[in-house]
Amino acid sequence: MKYFLLLLALSANLAYGQQYTLALNLEKGNTYFLKINSTNHFNGEMDGKKMAMTFVMTGTMKFKVVKVSATDYELEASYDTMHLAMKSPMGDMEFSSGNSSEDANATGPLNMMTSRHFNITILKNGAVSKIDNPDTTGFMSMMKNFPMAQGLKKMMMMGPMKKSFSRKSMKENMEKLTAIFPNKKVALNESWGSVIKPDSGSDNTIKTSYQLVSYESGIATIKGHTESKAASNQKQGAGSGVGFMMFPIVYDLQGESESTIQVSTATGWVKEATIKNELKGNIKMSTSNNKQAKSGPVQMDGNVKISSY
């Protein structure tokens, strides 16, 4: 009986202490696919007036591995399909790519994006080290040719859309799915994470933690939690990437994100993922004639669902 209990204890310790390697393991020449469904809601007050907007993007992307080194991968990324929709006080807008003759937008501006590609260099731990000029996706050409989107409507589209397709946003969105791996082997229920200060001259911080909650049937399930805060005491304009509707703003925001990501244990590539974001605080926006607006509360909620296909 004593030996049986000893073996049982050793078995439990070995099972508990089993460790796993989590990392990208992509093959040159292979193509990996993602289907993306993203919805973002904005509610706030601008100069005492309530404003609500909804921005929806769905699409499919492919990533071809064109180069592999001891430390990183070079991926040729492109959009296969894309659908954009926006609801705002100025009205609704909706555009789709496609080849169907019944699609009024089949030869429209979004096809300028689906016919091009851009390159991403990504480290084996999932961190993005380089993205070539995102405009190789054709974003600016697309915006210049948006039908029925002139004046203020186009300005409203340009704000959130330009941010969505900027190099910074592409890097952040990609890393939510890939830069999730630890730099060591981990056991079930073990946690890891980091604290990042993107701007050393401010108190902006991003604190991220991950936990391996399951490793079975060729799938590793990772849960993530991110807390962030960002504040600016100076006006930030459109050139800074944080302007709203192209007008400069002063902001004080706090955010949280919860994610559940399933990856292949063989390749590290995403199988399924859900990400829920919440950002709230206060912003103060100046108008085009530099008139200072009142500070108002804002809240932005986002839900992203991603799967490979």
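Every value quoted in this text rests on a predicted model; they were computed, and no experiment measured them.
With L75 as reference, L26 is the one residue of I131, L26, T31, V128 to meet the side-chain contact (heavy atoms from CB on, under 4.5 Å) rule.
Taken from CD in E278 to CG in D301, the straight-line distance is 5.5 Å, to the nearest 0.5 Å. Going from atom OG1 of T58 over to atom CG of L84 covers 7.5 Å, rounded to the nearest 0.5 Å. Taking CD1 of I261 as the reference point, atom NZ of K223 lies at 10.5 Å (rounded to 0.5 Å). Put simply, NZ on K276 and CG on N303 are 6.5 Å apart, with the number rounded to the nearest 0.5 Å. Atom NZ of K280 and atom CD of E256 lie 7.5 Å apart (nearest 0.5 Å). If you take NZ on K87 and CD on E94, they are separated by 8.5 Å, rounding to the nearest 0.5 Å.
Following chains of ILVMFWY side-chain contacts shorter than 4.5 Å, one cannot reach L123 starting from L22, and the two form parts of different hydrophobic clusters. Under a hydrophobic-cluster definition in which Ile, Leu, Val, Met, Phe, Trp and Tyr are linked whenever side-chain heavy atoms come within less than 4.5 Å, directly or via other members, F33 and V65 are assigned to different clusters. Transitive grouping of hydrophobic side chains (ILVMFWY, heavy atoms separated by less than 4.5 Å) brings I180 and Y32 into a common cluster. The same ILVMFWY cluster, assembled from side-chain heavy atoms under 4.5 Å apart, contains both I36 and V270.
No donor-acceptor pair closer than 3.5 Å links the side chain of S217 to the backbone N or O of I219. Here the side chain of S209 pairs no donor or acceptor atom with the backbone of G193 at under 3.5 angstrom. Distance alone, capped at 3.5 Å, is enough to place a donor-acceptor pair between the T178 side chain and the G126 backbone. One N or O on the side chain of D132 and one on the backbone of N119 form a donor-acceptor pair closer than 3.5 Å.
Residue A220 comes nearest to L212 through the heavy atom pair CB-CD1, 4.1 Å, listed as atom of the first residue, atom of the second, then distance. Counting all heavy atoms, side chain and backbone alike, Y309 lies closest to M61 at OH-O, 3.9 Å. Nearest heavy atoms, F181 versus W192: C-NE1, 3.8 Å. When all heavy atoms are compared, the tightest approach of S38 to N40 is OG-ND2, 3.3 Å. Between G29 and K64, the shortest heavy-atom contact is O-CE, 4.3 Å. Considering every non-hydrogen atom in both I120 and A77, the closest pair reads CD1-CB, 4.2 Å.
Contact check for L253 versus V298: side-chain heavy atoms found under the 4.5 Å cut-off.
Aromatic ring orientation, Y215 versus Y20: parallel (interplanar angle below 30°, classes split at 30° and 60°).
A donor-acceptor pair shorter than 3.5 Å can be found between the side chains of S257 and N277. D252 and Q254 share a donor-acceptor pair across their side chains, judged by distance under 3.5 Å alone. A donor-acceptor contact closer than 3.5 angstrom links the side chains of T60 and T81.
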**OP:** Carefully, step by step, assess I275 and L177 under the rule side-chain contact (heavy atoms from CB on, under 4.5 Å).
**Re:** CA-CA 9 Å; I275 304 172; L177 301 174; 4.1 Å; yes
Original post:
Can you list the steps and then say if Y73 with N25 is a side-chain contact (heavy atoms from CB on, under 4.5 Å)?
Top reply: CA-CA 9 Å; Y73 304 96; N25 185 27; 4.3 Å; yes
**OP:** Apply the test side-chain contact (heavy atoms from CB on, under 4.5 Å) to residues N189 and Q211: give CA-CA distance (whole Å), side-chain angles for both, the deciding distance (0.1 Å), then the verdict.
**Re:** CA-CA 6 Å; N189 299 315; Q211 184 181 41; 4.0 Å; yes
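Heavy atoms from other residues, nucleotides or ligands lying under 6.0 Å from NZ of K35 number 12 at most.
The salt bridge (charged side-chain N to carboxylate O under 4.0 Å, His left out) contacts involving residues 183-193 comprise K184-E190, where partners must be two or more places apart or lie in separate chains.
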